[in-house]
2 protein chains.
Amino acid sequence: MLELRLVQGSLLKKVLEAIKDLVNDANFDCSATGFSLQAMDSSHVALVALLLRNEGFEHYRCDRNISMGMNLGNMNKMLKCAGNDDIITLKADDGSDTVTFMFESPNQDKIADFEMKLMDIDSEHLGIPEAEYHAIVRMPSAEFARICKDLSSIGDTVVISVTKEGVKFSTKGDIGTANIVCRQNTTVDKPEEATVIEMKEPVSLTFALRYMNSFAKATPLSHTVTISLSSELPVVVEYKIEDMGYVRFYLAPKIEEDEEEDTKPKV
Amino acid sequence: MLELRLVQGSLLKKVLEAIKDLVNDANFDCSATGFSLQAMDSSHVALVALLLRNEGFEHYRCDRNISMGMNLGNMNKMLKCAGNDDIITLKADDGSDTVTFMFESPNQDKIADFEMKLMDIDSEHLGIPEAEYHAIVRMPSAEFARICKDLSSIGDTVVISVTKEGVKFSTKGDIGTANIVCRQNTTVDKPEEATVIEMKEPVSLTFALRYMNSFAKATPLSHTVTISLSSELPVVVEYKIEDMGYVRFYLAPKIEEDEEEDTKPKV
DNA sequence: TTTGGCGAAA
DNA sequence: TTTCGCCAAA
């Protein structure tokens, strides 16, 4: 028996908006401690990890560990039927091949239940080792989203370079080049508007903008995004979900070609 | 000679937005008592009835009964040229084959007149008998619209079931099932937010969501919608137009198939 | 083209 | 604070 009651149902709606473009089908893993998901994107390049800890739910009952395979598109369709202020309860009976989403309007006048078939998905659950990162950038998520969107109108990849002074996002394309530098800035009114850089050593890595823009779909989940970089490690783009957990995206850097190579015709 | 001056011109704009998708061409009937329309939708499944009583007009002159055939798409195009605060005057000379829409901006700075050709439309004007309904549901129109929209992302038809406690909207589709229950609730701050059920006997009827969603286009006309249901009778979905009349939509219920039938392949 | 999110104005 | 109108994404 599984019963998870989430008062701020909009969180789950936003989570699905954030990951449904990247992942088609995935197993949601439910244990006594929380509700989580780990899945490769459909082209097996990026990895998504979601955690919603039990403390974040008003009511959390999960009698035994269970893995529920869902089509995220269909799940999203159903969650779209929940109001932004609705309380969402997720239910599954032991051994059942369905899951039920229950939506309660704030004033309890409207109660909806949506039942969805579960699917069998074989997923390789990867252990993600904790790593030391050369540089960790924390910045406003909206600013990061804007930068990725802007740069993708110029080029396909972004070079993220971190120095003590700030973080630079660069791209190059047919029509020209672009560099956007965000300086470290902690003297701002609101802490979520700060740009903070923790750097052990300078790092400069290249990523596909297409994926960065997908990750930025999670912007509504948090005012702040944290980007953790190390050479030779996948970047981690993390959006914290207040009091509950996070959505993290992992993406391997592109092996940076020689600048010269870039302009040569591909052989 | 016909001359109808409507101070709140936005009403006429909203009326056309509400019915233009359903009906292509229709006769507007004008008599001493009011301005009305009755027409089947283009696939002859639903019926639209509009009434704007003479009291609602600032000036109402209609010397003799007249029926004016109009293409609602073209009429809507013209009405879109009126500002939301404009005063709209509708004029037709006796024997003329045109109608003139005059738009006056609130400050009288701009006065526009649009002349449109009338058309000959043979319409069967149905007498709609007053009927006793098993159940009448009054609820916020926005909520009804939201429910129809949500359900149509799951299935094609909606089963509306009324009991004393509330009204239930259900659907079933490939990805799952959905039930939305709205409880009777009269203890709300504003009367237009109430959900009120007058029920003589329980009723459960099935309708095509496609039409319900068309009807819901009339939502801007009224905060409230009234749904009148009887087995064997078309449902009436009514949006009252304050101080003037109404737009009513009629739709025959689907003959509900056996649950078993639904899952069998169609022969 | 239509719909939802966002920002501005009452 | 709520509502309207604008802008952007599906």
Side-chain angles (χ1 to χ4, degrees), chain A residues 8-22 24 42 71-86 103 105-107 140-153 190 192-193 209-223 239, chain B residues 8-11 13-14 16-22 24 42 72-74 76-77 79-86 105-107 140-154 175 188-193 209-224 242:
Chain A
Q8 199 180 342
S10 61
L11 281 184
L12 194 58
K13 286 164 66 84
K14 288 178 191 165
V15 164
L16 260 99
E17 283 297 328
I19 65 177
K20 67 155 208 295
D21 293 334
L22 221 42
N24 296 128
S42 32
N71 175 289
L72 299 194
N74 292 344
M75 180 175 173
N76 190 49
K77 267 190 190 172
M78 295 201 162
L79 290 177
K80 271 180 183 275
C81 301
N84 274 324
D85 302 319
D86 283 4
F103 309 142
S105 67
N107 57 18
S141 58
E143 195 168 329
F144 175 68
R146 175 65 193 264
I147 289 169
C148 293
K149 177 171 148 283
D150 286 351
L151 291 188
S152 56
S153 72
K190 301 171 193 164
E192 68 258 29
E193 286 173 9
L209 275 167
R210 169 167 168 252
Y211 286 99
M212 289 293 165
N213 278 311
S214 280
F215 303 166
K217 296 265 161 71
T219 301
L221 279 169
S222 172
H223 285 109
Y239 296 83
Chain B
Q8 199 180 341
S10 61
L11 280 184
K13 286 164 65 83
K14 289 178 191 167
L16 260 98
E17 284 295 330
I19 64 178
K20 69 156 206 298
D21 292 334
L22 223 41
N24 296 128
S42 31
L72 299 194
N74 293 342
N76 189 51
K77 272 188 190 170
L79 289 178
K80 271 180 184 271
C81 303
N84 274 325
D85 303 320
D86 284 5
S105 65
N107 56 20
S141 58
E143 195 168 327
F144 176 68
R146 173 68 194 262
I147 289 169
C148 292
K149 179 174 142 284
D150 283 349
L151 291 187
S152 54
S153 74
I154 311 289
I175 68 169
V188 91
D189 292 350
K190 302 169 193 164
E192 69 258 30
E193 287 174 8
L209 275 166
R210 171 167 164 250
Y211 286 99
M212 289 293 165
N213 278 312
S214 280
F215 302 167
K217 294 266 161 72
T219 302
L221 279 169
S222 172
H223 285 109
T224 311
E242 208 172 7

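Chain naming here is simple, since letters A, B, ... match the order of the sequence lines and numbering starts at 1 in each. Please read all numbers here as calculations on a predicted model, not as lab measurements.
Taking atom CD of residue A:E17 and atom P of nucleotide D:dA9, one finds them 14 Å apart after rounding to whole Å. When the P atom of D:dA8 is taken as reference, atom NZ of A:K217 falls 16 Å away, rounded to whole Å. Rounded to a whole Å, the CD atom of B:E193 is 11 Å from the P atom of D:dT2. Taking atom CG of residue A:N213 and atom P of nucleotide D:dA10, one finds them 12 Å apart after rounding to whole Å. Taking atom NZ of residue A:K14 and atom P of nucleotide C:dG5, one finds them 10 Å apart after rounding to whole Å. Between A:D85 atom CG and C:dG5 atom P there is a gap of 12 Å when expressed in whole angstrom units. In this entry the distance linking CZ of A:R146 with P of C:dG5 reads 20 Å, nearest Å. Atom-to-atom, CG of B:N76 to P of C:dT2 comes out at 10 Å; the value is rounded to the nearest Å.
For the pair A:T219/A:F144, no side-chain contact is recorded, criterion being any heavy-atom separation below 4.5 Å from C-beta on. Here the side chains of B:D86 and B:P106 are in contact, with some heavy-atom distance below 4.5 Å.
Other residues, nucleotides and ligands contribute at most 12 non-hydrogen atoms within 6.0 Å of the CD atom of B:E242.
Remark: the backbone N or O of A:L72 is not paired with any side-chain donor or acceptor of A:K20 at under 3.5 angstrom.
The side chain of B:K149 has C:dG4 as its nearest neighbour among C:dG5, D:dG5, C:dG4.
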